[in-house]
Amino acid sequence: MRWIHAFTLLLAGIIPASPLLAGDELVTAPVERVTMPLEYQVDGVVEAQRQATVSAEISGKIEEVNFDVDDRVEQGEILLRISDREYRARVQQAKAALAEAEANLQEAKLKNDRSASLLQKNLIAKSAFDEVSAGYKAAQARQASARANLDQAEEQLERTVIRAPYGGVVVERHVEPGESIQPGQPFLTGYAPGVLRVSANVPQSRIASLRSRREVRVVLQDGRSFEVERVTIHPFANPQNHSFPVRLDLVAPAQGLFPGMLVKVNLSEGDTSRLLVPRAALVSRSEINAVYIRADDGRLHLRPVRPGKR
């Protein structure tokens with residue numbers, strides 16, 4: 001490859017139609033040998049790190065659904081309302097039961113205090129005091145039970161209004177207003193667009209290099225690349241294709257990426273030496289690629305080449 005240092009490439013990429021005349025000059029550039037990264041490429045699919053399907057926690061009839069597919073939702077916004085008439089009635093019943101239990105408890109406390117005073121003066125029998133004391137403890141238990149029932153009723157009432165757990169985009173809607181919904185039934189699916197990752201399968205022949213280097217780039221077809229914040233490698237290979245599932249957490253924000261997109265994952269495997277020629281010097285004829293070189297005597301020669309990374 002001694003010609004590398006002696007020859008130059010024509011930037012025009014074509015040979016003149018007529019012989020060169022005295023004084024004619026060719027625009028040339030020297031061939032350079034450069035060190036560039038050696039990468040192995042696999043396909044990957046973009047996923048959302050935070051994606052969830054929100055489900056109902058109570059039963060009832062849906063009154064309104066405030067968002068649809070492709071709508072953006074802020075954290076805390078109301079996604080859906082379930083009819084709350086029944087649950088409001090339960091809260092009122094629980095409040096009344098608690099008020100009655102507290103009144104009974106107050107009366108039992110007064111009786112217990114009087115009995116304790118009389119017992120100290122030996123005016124009542126110990127068995128009579130024990131009976132009053134047991135009634136007081138039972139009143140305390142009924143009051144605690146009524147309080148728990150009220151808390152539960154209020155919690156169920158709050159669940160008639162379902163809010164977004166985080167900001168994101170709705171990708172699927174499962175219900176419509178007027179439908180009856182049951183606990184566990186899904187109604188909206190969404191994801192947080194700012195936090196994405198890429199899933200890929202790396203052949204077992206390349207996994208050792210990835211484990212040691214963990215240098216990865218995610219590349220789109222238009223040439224844009226995205227930084228990887230974290231590389232997670234599955235501890236064992238898929239027995240069907242003998243590849244290792246790999247998850248790549250992207251640095252946020254990853255503008256222009258959406259879940260489901262196909263991307264290229266470039267795995268760094270060190271450096272390699274390559275010849276660098278100007279793109280304009282490459283002549284393509286059908287399936288043949290070549291460059292013109294100029295010898296020391298000024299003659300032009302067409303030399304086939306195999307282009308690599310552009």
Requested in this report: Could you tell me which residues satisfy side chain to side chain donor-acceptor pair (under 3.5 Å) with D71, sequence neighbours excluded, listed by chain and number?
Outcome: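 Side chain to side chain donor-acceptor pair (under 3.5 Å) list for D71, sorted by chain: empty.
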Heavy-atom distance under 4.5 Å between the side chains of [X] and [Y], does that happen here?
X: R294; Y: H301; value: no
X: V291; Y: I293; value: yes
X: T189; Y: Q51; value: yes
X: P203; Y: Y40; value: yes

Might you point out which heavy atoms bring [X] and [Y] nearest each other, and give the distance in Å?
X: A29; Y: P278; value: CB-CG, 4.0 Å
X: Y87; Y: S59; value: OH-O, 2.5 Å
X: L98; Y: Q143; value: CD1-O, 3.8 Å
X: R211; Y: H234; value: NH2-O, 3.5 Å
X: P186; Y: T53; value: CB-CG2, 3.3 Å
X: R81; Y: V161; value: NH1-CG2, 3.5 Å

Between the side chain of [X] and the main-chain N/O of [Y], is any donor-acceptor distance below 3.5 Å?
X: S115; Y: K111; value: yes
X: Q185; Y: Q182; value: yes
X: R214; Y: V231; value: yes
X: S117; Y: R114; value: no
X: D249; Y: R230; value: no
X: Q106; Y: A103; value: no
X: R173; Y: V175; value: yes
X: Q49; Y: L196; value: yes

Requested in this report: Let me see the working for R213 and S268 under side chain to side chain donor-acceptor pair (under 3.5 Å), right down to the final yes or no.
Outcome: CA-CA 7 Å; R213 293 180 176 276; S268 175; 4.7 Å; no
Requested in this report: Check the pair E102, R147 against salt bridge (Lys or Arg N to Asp or Glu O under 4.0 Å), reporting the backbone distance first and the verdict last.
Outcome: CA-CA 9 Å; E102 288 179 341; R147 169 62 67 184; 3.7 Å; yes
Going only through I, L, V, M, F, W and Y residues with side-chain contacts under 4.5 Å, is there a path from [X] to [Y]?
X: V218; Y: L210; answer: yes
X: L118; Y: Y136; answer: no
X: L250; Y: V169; answer: yes
X: V228; Y: V265; answer: yes
X: V73; Y: I82; answer: yes

Within the supplied structure, the quantity of interest is the number of heavy atoms (other residues, nucleotides, ligands) at a distance under 6.0 Å from [X] [atom1]; does it exceed 12?
X: E64; atom1: CD; value: yes
X: D70; atom1: CG; value: no
X: R88; atom1: CZ; value: no
X: L123; atom1: CG; value: yes
X: R72; atom1: CZ; value: no
X: E179; atom1: CD; value: yes

Requested in this report: Keeping to residues at least two apart or across chains, list the salt bridge (charged side-chain N to carboxylate O under 4.0 Å, His left out) pairs with something in residues 184-207.
Outcome: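 Output for this query lists E47-R197, R206-E269.
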I need the [X] [atom1] to [Y] [atom2] distance, nearest 0.5 Å.
X: L157; Y: E86; atom1: CG; atom2: CD; value: 11.0 Å
X: F129; Y: I124; atom1: CZ; atom2: CD1; value: 7.0 Å
X: I62; Y: T160; atom1: CD1; atom2: OG1; value: 12.5 Å
X: S180; Y: K61; atom1: OG; atom2: NZ; value: 5.5 Å
X: Q41; Y: E39; atom1: CD; atom2: CD; value: 8.0 Å
X: L38; Y: R274; atom1: CG; atom2: CZ; value: 6.5 Å

Query raised in the report: Which residue, V198, V42, L248, forms the side-chain contact (heavy atoms from CB on, under 4.5 Å) with V216?
Result: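 Only one of V198, V42, L248 forms a side-chain contact (heavy atoms from CB on, under 4.5 Å) with V216, namely L248.
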Query raised in the report: Does the pair I207 and I233 meet the rule for a side-chain contact (heavy atoms from CB on, under 4.5 Å), with working shown?
Result: CA-CA 9 Å; I207 201 66; I233 303 173; 3.7 Å; yes
Query - Cation over ring face, R50 and Y166, 6.0 Å, 45° - result: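 Cation-pi check for R50 and Y166: passes.
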Query - Stepwise side chain to side chain donor-acceptor pair (under 3.5 Å) check, T35 with D271 - result: CA-CA 6 Å; T35 299; D271 297 326; over 6 Å; no
**Report entry** Salt bridge flag under 4.0 Å for residues E100 and R142
**Finding:**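 No salt bridge links E100 with R142.
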Requested in this report: Please assess V170 against D68 for the test side-chain contact (heavy atoms from CB on, under 4.5 Å), listing each intermediate value before the final yes or no.
Outcome: CA-CA 6 Å; V170 178; D68 205 344; 5.8 Å; no
Query - Modelled atom types, side-chain donor and acceptor of N238 and S243, under 3.5 Å - result: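 Short answer, no.
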Report task. Tell me, please, which residues at least two apart from M261 pass side-chain contact (heavy atoms from CB on, under 4.5 Å). Result ->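 side-chain contact (heavy atoms from CB on, under 4.5 Å) check on M261 returns V46, L220, L257, F258.
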